[in-house]
Amino acid sequence: MLRLLNSFWYNFKEYIILTVLVIISLFVISQNHSPAVQKVRAIAFGTFATVTSVVSDIVNVKSLRKENEQLRETNAKLMLQLSKLREAALLNDELKEMLALKDTSGFPLVSASVVSKSFSRVQGTITLNVGRSDSVKVGMPVLTDKGLVGIIYSVSGNYSIARTLQNVDLKITVKDERTRENGLMKWNGEQLVIINVPKTYQIKKGDRIVTSELSSLVPFPIPVGIAAGSINVETGIFNEIQVIPFVDFAKVENVFVLKAVASKEINELELNFLKKFQ
């Protein structure tokens with residue numbers, strides 16, 4: 001023990017002596033009441049208080065910074081949770097509307113989700129998570145509660161691909177719901193148009209356009225869009241009518257496949273243009 005104390009004194013004697021002298025000096029200063037000493041004491045205490053305040057502020061800033069970081073992390077987590085809840089609410093509303101359509105349509109519908117989309121200027125397609133195992137066939141219409149999305153043109157065991165209305169290879173016979181006048185609708189690379197419309201037709205801006213029973217692809221009326229007026233008016237006897245679709249194809253996530261295909265004999269003739277692109 002004595003050896004340990006000797007070693008400690010030998011290694012730290014300068015620091016020990018300095019500490020003792022500082023303590024003695026502070027004690028002597030505190031006992032001295034002369035004006036000069038009091039002034040020095042005031043300056044020393046003021047300096048000490050300033051240094052203490054600065055150190056305290058630094059510590060507090062670090063503490064506040066850490067607290068703010070934790071609050072930002074908490075806010076980010078709450079934002080993500082709120083986003084998930086909003087997405088779930090929107091999806092729930094959409095599925096409710098689709099369920100209502102399925103319950104009231106009276107037609108066999110297969111629920112499907114869009115697993116991928118491909119939208120070029122002329123070739124709009126969507127891939128669905130249903131296929132032959134779900135009794136999906138080429139030529140079946142794809143729709144939402146808003147209206148027609150497209151037509152199935154390729155089917156595998158568990159998946160299928162549909163051409164949307166924004167596909168130049170898909171042409172649908174449609175009619176004006178008000179006037180009952182029929183026409184052929186297609187995608188021209190920029191917009192949906194009803195082509196070769198006689199100028200004697202009374203299709204007006206704002207008229208609802210639906211699929212025609214004359215179509216071999218969609219054998220009964222399904223909403224398509226709203227007539228937006230004539231375009232490319234020529235001096236001849238035909239016009240083109242622009243159609244604004246009811247469905248926002250870029251936002252489609254859940255759809256139905258209508259399990260209805262028109263006459264097999266008609267399909268063998270008219271669906272060849274679908275099959276040749278597979």
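Values below: every heavy atom of this structure, side chains too, minus hydrogens, waters and symmetry copies.
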Mind checking side-chain hydrogen bond (donor to acceptor under 3.5 Å, both in side chains) for [X] and listing every partner two or more places apart, or none if nothing turns up?
X	result
Ser118	none
Gln202	none
Glu181	Thr179
Thr127	Ser116

Arg208: partners by salt bridge (Lys or Arg N to Asp or Glu O under 4.0 Å), with sequence neighbours left out: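 Checked Arg208 against salt bridge (Lys or Arg N to Asp or Glu O under 4.0 Å); matches are Glu177.
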Does Arg180 have any salt bridge (Lys or Arg N to Asp or Glu O under 4.0 Å) partners at least two apart in sequence or in another chain, and if so, which?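 In terms of salt bridge (Lys or Arg N to Asp or Glu O under 4.0 Å), with neighbours along the sequence ignored, Arg180 is linked to no residue.
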Would you check, one step at a time, whether the test side chain to side chain contact (heavy atoms under 4.5 Å, CB included) holds for Val197 with Glu240? CA-CA 6 Å; Val197 178; Glu240 287 187 356; over 6 Å; no
Exam field: side chain Thr164 to backbone Gly124, donor-acceptor pair closer than 3.5 Å: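 Pair found, side chain donor or acceptor close to backbone of Gly124.
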Are the side chain of Lys146 and the backbone of Val224 linked by a donor-acceptor contact shorter than 3.5 Å?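 A pair under 3.5 Å: no.
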Considering residues at least two apart in sequence or located in another chain, which fulfil the side-chain contact (heavy atoms from CB on, under 4.5 Å) criterion with [X]?
X	answer
Asn129	Ala112, Ser113, Val115, Tyr159
Ser133	Asn158
Ala227	Ile203, Asp207, Ile209, Ile241
Leu184	Lys171, Thr173, Ile195

If two hydrophobic side chains count as joined below 4.5 Å and joins carry through other members, does Phe246 share a cluster with Leu165?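 No, Phe246 and Leu165 fall in different hydrophobic clusters.
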Hydrophobic clusters here meaning ILVMFWY residues chained together by side-chain heavy-atom distances under 4.5 Å, can you tell me if Val255 and Val136 are in one?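 Same cluster.
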In this structure, which one of Val149, Val174, Leu148, Ile172 forms a side chain to side chain contact (heavy atoms under 4.5 Å, CB included) with Ile222?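 Filter result, single survivor: Leu148.
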So which heavy atom on Val210 is nearest to which on Pro221, and how close?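 Closest approach of Val210 to Pro221, heavy atoms only: CG2-CB, 4.2 Å.
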Measuring from atom [atom1] of [X] to atom [atom2] of [Y], what distance do you get when rounded to the nearest 0.5 angstrom?
X	Y	atom1	atom2	value
Glu190	Gln166	CD	CD	12.0 Å
Asn196	Tyr201	CG	OH	10.5 Å
Thr200	Phe238	OG1	CZ	9.0 Å

Fellow cluster residues of Ile244, listed by chain then number, with links counted only when side-chain atoms sit under 4.5 Å apart: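 Traced through the cluster, Ile244 reaches no other member.
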Residue pairs, two or more places apart or on separate chains, that pass salt bridge (charged side-chain N to carboxylate O under 4.0 Å, His left out) and touch residues 124-136: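 Salt bridge (charged side-chain N to carboxylate O under 4.0 Å, His left out) check on residues 124-136 returns no pairs.
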